[in-house]
Amino acid sequence: ENPELVIITDRGKGLIAAIQSDLPSAHHRWCALRLLNNIPSPTISEDNVGLYWKIVKSSTRAEFDELMNRLKTKHPNGY
């Protein structure tokens with residue numbers, strides 16, 4: 001088993017179960033583009049999409065937290 005293994009999926013239930021069963025030590029993450037496509041249309045704007053990708057690409061916990069706080073301030077009901 002490789003402790004550095006990361007698997008990115010589209011949240012398919014069969015894949016989630018298989019990864020948990022067959023690769024329990026793998027880090028499982030969801031595809032950021034698929035998640036973005038699940039956000040309701042009224043919430044999407046060019047500014048929001050830009051903020052979303054900044055959050056996805058944040059490389060430190062402090063940067064992630066700051067960007068998430070910005071999102072929470074802009075859209076308290078969508079946070």
Side-chain angles (χ1 to χ4, degrees):
E1 300 251 344
N2 183 347
E4 300 298 321
L5 180 63
V6 177
I7 299 173
I8 299 172
T9 69
D10 64 356
R11 297 171 47 191
K13 291 181 183 179
L15 287 173
I16 293 170
I19 292 167
Q20 290 172 344
S21 169
D22 297 343
L23 301 165
S25 66
H27 298 276
H28 181 214
R29 300 293 180 259
W30 295 335
C31 174
L33 182 58
R34 294 281 188 164
L35 293 175
L36 177 63
N37 290 336
N38 288 331
I39 298 173
S41 295
T43 309
I44 298 294
S45 71
E46 191 172 318
D47 184 48
N48 292 340
V49 171
L51 179 57
Y52 173 81
W53 285 112
K54 285 180 184 178
I55 293 167
V56 168
K57 295 176 181 181
S58 59
S59 59
T60 66
R61 181 61 189 239
E63 181 183 15
F64 176 84
D65 289 342
E66 188 272 322
L67 293 166
M68 288 299 288
N69 284 332
R70 190 182 313 170
L71 177 65
K72 186 176 183 180
T73 300
K74 286 179 72 172
H75 301 286
N77 293 332
Y79 176 77

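The chain is numbered in sequence order, starting from 1. What you see is a predicted model; the values in this text were computed from it and never measured.
Legend: residues meeting side chain to side chain donor-acceptor pair (under 3.5 Å) with D65, ordered by chain and number and at least two apart, are R61. For K74, the salt bridge (Lys or Arg N to Asp or Glu O under 4.0 Å) partners two or more places apart in sequence, or in a different chain, are D47. Checked against side chain to side chain donor-acceptor pair (under 3.5 Å), T9 has the following partners two or more places apart in sequence or in another chain: H28. Applying the salt bridge (Lys or Arg N to Asp or Glu O under 4.0 Å) test to E63 and every residue at least two apart in sequence or in another chain returns nothing. With sequence neighbours excluded, the residues forming a side chain to side chain contact (heavy atoms under 4.5 Å, CB included) with A32 are Y52, W53, V56, listed by chain and number. Under the side chain to side chain donor-acceptor pair (under 3.5 Å) criterion, R70 pairs with E66, not counting sequence neighbours. Residues meeting the side chain to side chain donor-acceptor pair (under 3.5 Å) test with R29, sequence neighbours left out: none.
The two residues L71 and I55 come nearest to each other via the heavy atoms CD2-CD1, 4.1 Å.
You'll find the side chain of L15 stays beyond 4.5 Å of the side chain of I7, heavy atoms only. For the pair N69/F64, no side-chain contact is recorded, criterion being any heavy-atom separation below 4.5 Å from C-beta on.
Residues I19 and I8 fall into different hydrophobic clusters, defined by Ile, Leu, Val, Met, Phe, Trp and Tyr side chains chained together at heavy-atom separations under 4.5 Å.
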